[in-house]
Amino acid sequence: MNSNQDKQNTNAKKAGRTLLIIIAILLIICGSIQFGYYLYSRYTADIDNPNPIETTVPDTEAEEKLVNNPIDFDELQAANDEIYAWIRVPGTKIDHPIVQSKTDDRFYLNHSAYTKEYLVSGAIFTQSMNSTGFDDRVTVIYGHNTANEKMFNTLHKFENTEFFNKHKKFYIYTPDSRLTYTIVSAFKYDNRHIMNSFDFQDNRVFADFVEMVKNPTSSNKNVRKDIDKTVTNYDNIVVLSTCIYRQASSRLLVCGVLTNNEKTN
C-alpha cells in the first residue's frame with residue numbers, strides 16, 4: 001500500500017511539473033509572438049511614414065509677422081530728434097514726418113521738421129498734451145493749408161464725397177509699428193483748441209465726442225456708412241486738422257479710428 005501510494009504521489013508531482021513546463025512554454029511562445037508583432041508593426045510604420053510627425057508641443061506664441069517699415073527713422077532723427085512718426089494719406093500729397101516740440105507747442109507752426117529752421121509752411125505736428133505713442137483717446141495732428149499742395153492742403157480733397165468714399169484709410173508709421181486708421185468722417189468745425197476744450201478722461205465727454213465724430217452737425221460733411229467696425233469708448237481717434245481758406249474761425253477735421261496696429265521690421 002505504501003509503495004503504491006508513493007508511486008501515485010511521484011506520478012502526480014511529475015504531471016504537475018509537466019503541466020507547469022507546458023504553461024511556461026506557452027507563455028514564452030505567446031510573448032514572443034506579441035513582441036514579434038510589435039517589432040513588425042514598428043517596421044511597417046517606418047516604411048509607410050519615413051518622415052514621422054514631430055511629437056513636440058508646438059509653440060503657441062509664434063513669432064509675429066512683421067510688416068515693412070519704409071521710413072528711415074535713424075536718419076531722420078539724426079537730423080531732428082523731435083521727429084517721432086510719419087503720416088501717409090493715400091490719394092493726397094500728405095507724406096510727411098510728424099514732430100512734437102519738447103519746449104514750445106507753437107514752434108512747428110513755422111519751423112521745418114527736417115532742419116528746425118524757420119519755414120512759413122511749418123511742419124506736421126502734435127502738441128505736448130498728446131503722447132507720442134498714439135495711445136491717447138484723441139490725438140490731434142496739425143498742418144497748414146498752404147499753397148502748392150504742401151503740408152495738409154490736400155486734406156481738403158476729403159470734402160469731395162466721391163474722393164471720400166474711395167479713400168478710406170490713412171497710415172502712421174513709428175519706428176516699430178504701422179498704425180492703420182479708417183476714416184470715419186470729414187467735416188467743417190470751429191477753430192477751438194480741441195485738446196484744451198474737452199476732458200477726454202471723462203467717459204461721458206469722450207462718448208459725446210465720439211458721437212460727434214460719427215454724426216457731425218456740420219452741413220459741410222462726409223460720413224462713412226460702410227465702416228467695418230463700431231466706434232466705441234474703447235477706441236483711439238486721430239483728428240487731422242487744417243485751416244479753411246479765408247475762414248479764420250473754421251477748421252477742416254478728418255477723423256480716423258485706429259483699426260490695425262502692426263509691428264514693423
Side-chain angles (χ1 to χ4, degrees), residues 85 87-94 96 98 124-127 129-145 151-172 177-262:
I87 183 169
R88 283 183 172 172
V89 184
T92 75
K93 292 188 177 181
I94 299 170
H96 303 296
I98 303 174
I124 306 303
F125 67 98
T126 60
Q127 296 184 321
M129 55 279 297
N130 275 132
S131 77
T132 56
F134 296 97
D135 50 4
D136 294 324
R137 281 178 158 180
V138 177
T139 299
V140 181
I141 303 177
Y142 301 95
H144 283 307
N145 176 25
M151 297 304 134
F152 269 180
N153 174 273
T154 52
L155 204 61
H156 284 276
K157 288 188 173 185
F158 286 98
E159 293 179 287
N160 179 279
T161 300
E162 183 178 356
F163 181 90
F164 178 89
N165 290 336
K166 288 182 178 180
H167 296 84
K168 300 182 178 182
K169 300 181 186 298
F170 63 84
Y171 304 91
I172 292 176
S177 64
R178 180 177 70 180
L179 308 175
T180 301
Y181 292 85
T182 298
I183 299 169
V184 179
S185 58
F187 56 96
K188 181 179 176 180
Y189 196 60
D190 59 48
N191 65 346
R192 78 183 75 180
H193 192 289
I194 291 174
M195 297 305 299
N196 286 338
S197 300
F198 300 96
D199 177 12
F200 292 122
Q201 297 304 311
D202 185 314
N203 290 335
R204 183 172 297 178
V205 171
F206 180 61
D208 290 343
F209 186 81
V210 168
E211 284 304 310
M212 187 271 292
V213 166
K214 294 192 294 184
N215 300 289
T217 58
S218 172
S219 59
N220 182 6
K221 65 181 177 181
N222 282 309
V223 179
R224 196 164 309 285
K225 302 298 184 183
D226 60 345
I227 187 170
D228 55 1
K229 78 178 301 298
T230 300
V231 186
T232 71
N233 285 9
Y234 299 99
D235 285 309
N236 299 93
I237 305 292
V238 162
V239 178
L240 310 181
S241 174
T242 193
C243 300
I244 298 176
Y245 184 61
R246 290 184 176 178
Q247 297 184 35
S249 62
S250 299
R251 298 289 183 269
L252 173 69
L253 305 184
V254 175
C255 303
V257 59
L258 180 66
T259 50
N260 203 3
N261 183 347
E262 302 164 285

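Numbers here are sequence positions counted from 1.
Contacts of H156 classified as ring-ring contact (aromatic ring centres under 6.0 Å, His included), with partners at least two apart in sequence or in another chain: none.
Screening N233, D235, N203 for a side chain to side chain donor-acceptor pair (under 3.5 Å) involving R137 leaves a single residue, N203.
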Check the pair I94, T154 against side-chain contact (heavy atoms from CB on, under 4.5 Å), reporting the backbone distance first and the verdict last. CA-CA 7 Å; I94 299 170; T154 52; 3.6 Å; yes

Carefully, step by step, assess V89 and V254 under the rule side-chain contact (heavy atoms from CB on, under 4.5 Å). CA-CA 11 Å; V89 184; V254 175; over 6 Å; no

Does T92 form a side-chain contact (heavy atoms from CB on, under 4.5 Å) with F163? I'd like the steps, not just the answer. CA-CA 10 Å; T92 75; F163 181 90; 3.9 Å; yes

Please lay out, stage by stage, how T217 and M212 fare under the test side-chain contact (heavy atoms from CB on, under 4.5 Å). CA-CA 7 Å; T217 58; M212 187 271 292; 5.9 Å; no

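Here the straight-line distance linking atom CZ of R88 with atom CZ of R178 works out to 10.0 Å at 0.5 Å rounding. Annotation: the span from F206 atom CZ to Q201 atom CD amounts to 10.0 Å, rounded to 0.5 Å. Of the inter-residue distances, the one linking I87 atom CD1 with I124 atom CD1 reads 7.5 Å to the nearest 0.5 angstrom. Annotation: the span from N160 atom CG to E162 atom CD amounts to 6.0 Å, rounded to 0.5 Å. Once rounded to the nearest 0.5 Å, the distance linking OH of Y142 with SG of C243 reads 11.0 Å.
Residues D226 and K168 are in side-chain contact: their nearest non-hydrogen atoms beyond the backbone lie under 4.5 Å apart. Residues I237 and V184 have side chains not in contact (no heavy-atom distance under 4.5 Å, counting atoms from C-beta outward). Considering only heavy atoms from C-beta on, T139 stays 4.5 Å or farther from N236 through its side chain. The side-chain heavy atoms of F152 and S241, taken from C-beta on, include no pair separated by under 4.5 Å. The shortest distance between side-chain heavy atoms of L253 and V213 does not fall below 4.5 Å. Between I141 and F134 the shortest side-chain heavy-atom distance falls below 4.5 Å.
Between P216 and K221, the closest heavy-atom pair is O-NZ, 2.8 Å. Summarising the geometry of L252 relative to L155, their closest heavy-atom pair is CD2-O, 3.6 Å, with the distance given to 0.1 Å. What you find for C255 and V239 is that their closest heavy atoms are SG-CG2, 4.0 Å. The heavy-atom pair separating A186 from F164 by the smallest distance is N-CE1, 3.8 Å. Of all non-hydrogen atoms in G143 and T242, the two that sit nearest each other are O-OG1, 2.8 Å.
Checking side-chain atoms of T180 against main-chain N and O of T259 turns up no donor-acceptor pair under 3.5 Å. For N222 (side chain) and N165 (main-chain N/O), no donor-acceptor pair under 3.5 Å exists by modelled atom type. For N130 (side chain) and Q127 (main-chain N/O), no donor-acceptor pair under 3.5 Å exists by modelled atom type. Between the side chain of K188 and the backbone N or O of N220, no donor-acceptor pair lies under 3.5 Å. Remark: the backbone N or O of L179 is not paired with any side-chain donor or acceptor of N261 at under 3.5 angstrom. Between the side chain of D136 and the backbone N or O of V138, no donor-acceptor pair lies under 3.5 Å. Side chain of R224 to main chain of I183: a donor-acceptor pair is present (N/O by atom type, distance under 3.5 Å, no hydrogens or angles).
Using cut-offs of 30° and 60° for the angle between ring planes, the Y181 and F170 rings count as parallel. Using the six-membered ring where Trp is involved, F187 and Y189 have ring planes that are perpendicular, over 60° apart on the 30 and 60° scheme.
For the 3.5 Å distance criterion, the side chains of N145 and R251 fail to qualify, holding no donor opposite an acceptor.
Counting non-hydrogen atoms of other residues, nucleotides and ligands closer than 6.0 Å to NZ of K214 gives a total above 12.
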